[in-house]
Amino acid sequence: MIKKANIENLEIVSSLAKSLWPDNNLDDLREEFTGILNDKEAAIFLQEDNGEFIGFAQCQLRHDYVEGCDSSPVGYLEGIYIKENRRRQGFAHDLLKACQKWACESDCLEFASDCELDNLDSLAFHLKMGFMEVNRIICFKKEL
């Protein structure tokens with residue numbers, strides 16, 4: 001079962017996000033997701049199975065330029081996670097569908113995402129879900 005998360009689900013969302021982004025501090029994730037859960041241009045969907053929350057997907061509207069897209073706003077998959085022992089059962093596909101439906105209801109004509117160049121699992125997932133690769137970049141930074 002998929003449900004749209006609300007502020008009462010903050011601990012669940014933050015805990016799942018910590019699994020996806022383990023280098024982040026849990027308190028920082030709680031603060032970030034408090035804002036996201038209260039943002040009308042963002043949505044988080046939770047995947048529940050047999051009474052256990054096993055995954056989430058975060059999406060939002062992007063009004064700035066999105067690589068390969070021609071319209072605005074664009075629905076954007078910011079993150080998607082399924083607990084390791086529950087993967088390859090269609091749950092991520094269902095979460096992605098919920099995000100895409102939300103984006104359509106938000107008047108989006110396009111839906112986009114990204115992944116790190118070396119994240120081959122994420123690349124394979126995106127391609128399997130019907131995304132097409134539109135660009136590869138390497139970003140640089142210089143301290144001043």
Side-chain angles (χ1 to χ4, degrees), residues 1-139 141:
M1 181 177 103
I2 293 177
K3 71 173 261 175
K4 187 174 183 210
N6 57 42
I7 199 66
E8 286 82 34
N9 305 120
L10 178 62
E11 287 304 315
I12 295 162
V13 170
S14 300
S15 175
L16 289 166
K18 177 72 172 150
S19 296
L20 177 59
W21 299 298
D23 293 338
N24 289 3
N25 176 287
L26 188 56
D27 288 332
D28 292 343
L29 287 170
R30 282 186 193 105
E31 184 177 330
E32 181 178 349
F33 281 104
T34 295
I36 293 168
L37 287 165
N38 287 312
D39 186 345
K40 291 184 182 349
E41 292 202 337
I44 296 173
F45 293 94
L46 290 167
Q47 176 71 59
E48 186 178 1
D49 189 49
N50 292 324
E52 175 189 7
F53 288 103
I54 61 166
F56 82 104
Q58 173 194 351
C59 55
Q60 54 195 71
L61 303 181
R62 289 199 179 182
H63 296 276
D64 54 332
Y65 173 72
V66 175
E67 283 291 331
C69 294
D70 299 316
S71 62
S72 181
V74 172
Y76 205 89
L77 181 65
E78 302 289 347
I80 189 165
Y81 173 79
I82 298 292
K83 289 182 177 181
E84 230 172 292
N85 65 337
R86 305 307 298 276
R87 293 181 184 166
R88 304 201 187 289
Q89 298 177 44
F91 295 121
H93 174 267
D94 294 343
L95 282 169
L96 178 60
K97 286 285 195 195
C99 289
Q100 292 173 170
K101 182 177 186 280
W102 174 83
C104 283
E105 292 168 354
S106 300
D107 298 325
C108 293
L109 301 176
E110 297 172 288
F111 195 80
S113 185
D114 63 61
C115 71
E116 298 289 330
L117 286 173
D118 62 350
N119 191 339
L120 300 181
D121 289 338
S122 183
L123 174 61
F125 166 77
H126 282 85
L127 294 174
K128 184 177 179 182
M129 294 298 112
F131 286 93
M132 65 179 191
E133 185 176 323
V134 295
N135 198 7
R136 287 188 178 227
I137 63 171
I138 297 174
C139 299
K141 169 186 154 176

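Residue pairs that meet the ring-ring contact (aromatic ring centres under 6.0 Å, His included) test with at least one member in residues 108-132, sequence neighbours left out, are His126-Phe131. Sorted by first and then second residue, the pairs that involve residues 102-111 and meet salt bridge (charged side-chain N to carboxylate O under 4.0 Å, His left out), not counting sequence neighbours, are Lys101-Glu105. Applying the side chain to side chain donor-acceptor pair (under 3.5 Å) definition to pairs two or more places apart or across chains, those involving residues 18-27 are Asp27-Arg30. Within the structure, side chain to side chain donor-acceptor pair (under 3.5 Å) contacts touching residues 32-43 (residues at least two apart or in different chains) are Glu41-His63.
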(request) List the steps, then state whether side chain to side chain contact (heavy atoms under 4.5 Å, CB included) holds for Glu52 with Asn50. (result) CA-CA 6 Å; Glu52 175 189 7; Asn50 292 324; 5.8 Å; no
(message) Run Tyr76 and Asp114 through side chain to side chain contact (heavy atoms under 4.5 Å, CB included) and show every step you take.
(response) CA-CA 9 Å; Tyr76 205 89; Asp114 63 61; 2.5 Å; yes
(message) Between Asn9 and Ile44, is the side chain to side chain contact (heavy atoms under 4.5 Å, CB included) condition met? List the steps.
(response) CA-CA 10 Å; Asn9 305 120; Ile44 296 173; over 6 Å; no
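Of the charged side-chain nitrogens involved, none lies within less than 4.0 Å of a carboxylate oxygen, so that Glu67 and Arg62 do not count as a salt-bridged pair.
Taking CD1 of Ile80 as the reference point, atom SG of Cys115 lies at 12.5 Å (rounded to 0.5 Å). In this structure, Ser122 OG and Leu127 CG are separated by 9.5 Å, a value rounded to the nearest 0.5 Å. The distance from the CG atom of Leu10 to the OG atom of Ser15 is 10.5 Å, given to the nearest 0.5 Å. Atom CD1 of Ile82 sits about 9.0 Å away from atom CD of Gln89, to the nearest 0.5 Å. Rounded to the nearest 0.5 angstrom, Glu48 CD and Phe91 CZ are separated by 11.0 Å. Here Ser106 contributes atom OG and Leu61 contributes atom CG; the two are 5.0 Å apart, rounded to the nearest 0.5 Å.
Annotation: salt bridge (Lys or Arg N to Asp or Glu O under 4.0 Å) contacts of Asp121 (sequence neighbours excluded): none. Residues satisfying the ring pair (Phe, Tyr, Trp, His ring centres under 6.0 Å) test with Phe53, not counting sequence neighbours, are none.
Across all non-hydrogen atoms, the minimal contact from Val66 to Ala112 is CG1-CB, 3.6 Å. Ala17 approaches Leu29 most closely through the heavy-atom pair C-CD1, 4.0 Å. Of all non-hydrogen atoms in Phe45 and Leu95, the two that sit nearest each other are O-CD2, 3.6 Å. Across all their heavy atoms, Leu37 and Asn6 have their closest contact at CD1-O, 3.7 Å.
Two residues are said to be in side-chain contact when any heavy atoms from C-beta on lie closer than 4.5 Å; Leu123 and Glu133 meet this criterion. No side-chain heavy atom of Ile36 sits under 4.5 Å from any side-chain heavy atom of Val13. Taking 4.5 Å as the limit, every side-chain heavy atom of Ile12 sits out of range of all side-chain heavy atoms of Phe56.
Shown here is Lys83, whose NZ atom has more than 12 heavy atoms of other residues, nucleotides or ligands within 6.0 Å. The environment of CD in Glu31 is sparse: at most 12 heavy-atom neighbours from other residues, nucleotides or ligands sit within 6.0 Å.
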